[in-house]
Amino acid sequence: VHCQAGLGRTGTLIGLYLITSHAFSAREAIAWLRVMRPGSVIGNQQHYLHAVERSIRSLPAPAPSAASA
């Protein structure tokens, strides 16, 4: 997925990756993206990242697998 300027959809997907894989908050992910690429993630995209973060944080923690025991 790529948008013309690399700011909207691309920034949103990178933000989702940071939230899900690196335990960033939505605010931290947005701030990091804007430092690296000013103008990234605005308006509805920003609201979407905050909504996704709330959804992810409300999920129960995964049960430990047999391999990690």
Side-chain angles (χ1 to χ4, degrees):
V1 175
H2 182 0
C3 54
Q4 186 173 2
L7 300 173
R9 287 174 287 191
T10 304
T12 301
L13 288 175
I14 293 169
L16 291 171
Y17 171 75
L18 293 172
I19 292 168
T20 58
S21 299
H22 295 286
F24 276 50
S25 69
R27 184 176 293 229
E28 291 168 333
I30 293 165
W32 184 86
L33 284 160
R34 288 180 180 165
V35 166
M36 301 311 275
R37 186 123 168 134
S40 292
V41 188
I42 58 171
N44 289 336
Q45 300 151 348
Q46 181 174 332
H47 298 301
Y48 177 75
L49 287 178
H50 284 285
V52 168
E53 178 192 14
R54 283 191 301 274
S55 296
I56 290 170
R57 303 290 181 239
S58 69
L59 295 174
S65 66
S68 65

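The residues of the chain are indexed from 1 along the displayed sequence. These figures come from a predicted structure and were not determined experimentally.
The list of salt bridge (charged side-chain N to carboxylate O under 4.0 Å, His left out) pairs with a residue in residues 38-52, not counting sequence neighbours, is empty. A salt bridge (charged side-chain N to carboxylate O under 4.0 Å, His left out) check over residues 52-62, counting only residues at least two apart or in different chains, returns the pairs E53-R57. Residue pairs meeting the ring pair (Phe, Tyr, Trp, His ring centres under 6.0 Å) criterion with at least one member in residues 9-40, sequence neighbours excluded, are Y17-H22.
Residues S40 and R37 approach most closely at OG-O, 2.8 Å, considering heavy atoms. Considering all non-hydrogen atoms of both residues, V41 and T12 come closest at CG2-N, 4.0 Å. Contact between A26 and I19 at its shortest, heavy atoms only, is CA-CD1, 3.8 Å.
Not a single side-chain hydrogen bond (donor to acceptor under 3.5 Å, both in side chains) links Y48 to another residue, sequence neighbours left out. Taking Q46 as the reference, R34 meet the side-chain hydrogen bond (donor to acceptor under 3.5 Å, both in side chains) condition, with sequence neighbours excluded. Residues satisfying the side-chain hydrogen bond (donor to acceptor under 3.5 Å, both in side chains) test with R27, not counting sequence neighbours, are none.
Taking CG from L49 and OG from S25, the interatomic distance works out to 10.5 Å, rounded to the nearest 0.5 Å.
L59 and L16 end up in different hydrophobic clusters when Ile, Leu, Val, Met, Phe, Trp and Tyr side chains are linked at under 4.5 Å.
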